[in-house]
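FYI, side chains are in, hydrogens and waters are out, and symmetry mates aren't considered; it's all heavy atoms of this structure.
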Amino acid sequence: MVTCRYAGYDDEVRLPLEFLELHLRPLEKEQAEQFIRTWYRLVELNLAADREEAAAQAERSANELIERLREPDFRSARVFSLTHNPLLLANLCLVDRGGRLPHRRSLLCAECIDVLLETWRGAKEGLSLGMTAEEGRRALRPVAFWLHSKDKRTQAPGTEIEPVLEEALRSLRWKGGSARDFLERVRDESGLLTGWSDQRYGFMHLGFQEYLAALDIRGRHLEGEDSLAELASHHGESWWQEVALLLVALDEPSLFEPYLSEVVELDSFAEHPEALDLLLEDTYEVSERPFLQVLETC
């Protein structure tokens with residue numbers, strides 16, 4: 001038997017015809033719930049001295065997480081798709097056990113990435129990325145935006161990603177080697193990046209790419225760049241919808257007002273009322289000023 005990740009199985013490494021090729025299906029709802037129950041039972045029994053109390057705690061925690069994942073806030077396509085993948089589902093369990101699973105998608109993405117970049121690595125002897133999870137997010141932000149800037153792009157050759165990454169690594173004073181070394185270590189030690197071959201990289205889940213792209217747009221705006229206008233130009237486009245929703249969901253400060261001020265100036269503002277409804281639903285903070293701006297010009 002030979003096994004590998006789906007992402008790494010392409011024409012260059014395909015097995016000969018005498019092998020029977022099988023693909024594992026994504027976890028179904030019932031399987032995901034059983035996974036959660038089994039995960040909590042194994043973890044609690046391994047950590048507690050009182051096995052009876054540990055089993056009871058595992059059942060309570062698993063039931064609470066399953067109920068939360070059934071709530072409307074977690075039923076969005078991006079969030080719920082995390083439960084189909086065993087590695088990402090274990091990630092959700094770790095986030096939940098460290099504290100209540102956040103309802104806001106932006107916070108959930110941040111905590112999941114922290115788990116992948118820091119928590120799991122910290123539990124593995126001898127593995128060290130040489131930076132905190134926050135610094136890892138800062139390094140990968142421009143990579144995520146660069147990938148997302150071309151419609152439907154979720155992976156690219158390392159030789160194309162490395163120049164995008166190098167500037168961020170220099171600003172963080174990373175001393176762990178080259179940009180290629182960084183890509184390989186994030187891929188091999190955290191799982192946040194996955195490899196489609198030895199030289200191609202992408203984020204394990206599109207939601208992580210979207211979240212980090214939103215962080216990059218926010219960071220460049222706060223540094224004085226016109227990044228909000230750039231994002232607003234994609235208003236109504238499905239490929240950019242989640243990025244915009246995650247952007248307005250971020251706080252300290254909320255960018256709802258400056259972002260909507262750009263959107264209301266576009267013809268696409270009136271053409272895509274459903275996109276506005278989603279922004280109003282997901283935003284951390286609502287302001288009336290952009291809408292008053294429209295009324296003043298009428």
The salt bridge (Lys or Arg N to Asp or Glu O under 4.0 Å) partners of Glu28 (sequence neighbours excluded) come to none
By side chain to side chain contact (heavy atoms under 4.5 Å, CB included), Pro157 pairs with (sequence neighbours left out) Thr159, Glu160, Arg200
Problem - Note, Arg220 side chain near Glu230 side chain (heavy atom, < 4.5 Å) - result: yes
query: So, does Thr194 use its side chain to make a donor-acceptor pair with the main chain of Met204 at under 3.5 Å?
result: no
Next item on the list: Take atom OH of Tyr284 as the centre, draw a 6.0 Å sphere, and report whether it contains more than 12 heavy atoms from other residues, nucleotides or ligands.
Entry: no
So with a 6.0 Å cut-off around NZ of Lys175, is the heavy-atom count from everything else above 12? no
Distance col, row Ile113:CD1 vs Leu108:CG, nearest 0.5 angstrom, shows 10.0 Å
Tracing side-chain contacts under 4.5 Å among Ile, Leu, Val, Met, Phe, Trp and Tyr outward from Met1 reaches none
Under a side-chain separation threshold of 4.5 Å, the hydrophobic residues clustered together with Leu20 are Leu22
SG of Cys93 to CH2 of Trp39, rounded to nearest 0.5 Å, is 5.5 Å
| Check ion pair Glu33-Lys29 (N to O, under 4.0 angstrom) | yes
Rounded to the nearest 0.5 angstrom, the CG-CD distance for Leu260 and Glu288 is 12.0 Å
Smallest heavy-atom separation, Ala48 atom then Ala54 atom, equals CB-CB, 3.6 Å
Report the relative orientation of the aromatic rings in Trp240 and His234; use parallel for angles under 30°, tilted for 30 to 60°, perpendicular for over 60°. parallel
Check: In terms of heavy-atom contacts, does CD of Glu18 have more than 12 from other residues, nucleotides or ligands at under 6.0 Å?
Finding: yes
Check your understanding: Quick one: do Arg138 and Glu135 make a salt bridge, cutoff under 4.0 Å?
Key -> no
**Report entry** CA sep, side-chain torsions, deciding dist, call: Arg137, Glu134, salt bridge (Lys or Arg N to Asp or Glu O under 4.0 Å)
**Finding:** CA-CA 5 Å; Arg137 289 199 303 269; Glu134 179 183 356; 5.3 Å; no
Electrostatic pair Arg60:Glu53 at N-O distance under 4.0 angstrom | yes
Contacts of Leu47 meeting side chain to side chain contact (heavy atoms under 4.5 Å, CB included) (sequence neighbours excluded), chain-then-number -> Val43, Arg97
Exercise. Classify the side-chain pair Glu274/His272 by whether it contains a donor and acceptor separated by less than 3.5 Å.
Key: yes
Under 6.0 Å from the ring centre and within 45 degrees of the ring axis: does the NZ or CZ of Arg153 meet both conditions for the six-membered ring of Trp239? no
Smallest heavy-atom separation, Leu69 atom then Leu101 atom, equals CD2-CD2, 4.0 Å
CD (Glu52) and CG (Leu45) are apart, to the nearest 0.5 Å, by 11.5 Å
On a heavy-atom basis, the closest approach of Phe182 and Ala139 is CZ-CB, 3.9 Å
### Query
Near Asp267 CG, under 6.0 Å, is it more than 12 heavy atoms from other residues, nucleotides or ligands?
no
List the atom pairs, donor and acceptor, that lie under 3.5 Å between side-chain atoms in residues 162-170 and the rest of the protein, sequence neighbours left out.
| from | atom 1 | to | atom 2 | distance (Å) |
| --- | --- | --- | --- | --- |
| Glu162 | OE2 | Arg180 | NE | 3.0 |

For Val263 and Ala232, the nearest pair of non-hydrogen atoms, with its separation, is CG2-CB, 3.8 Å
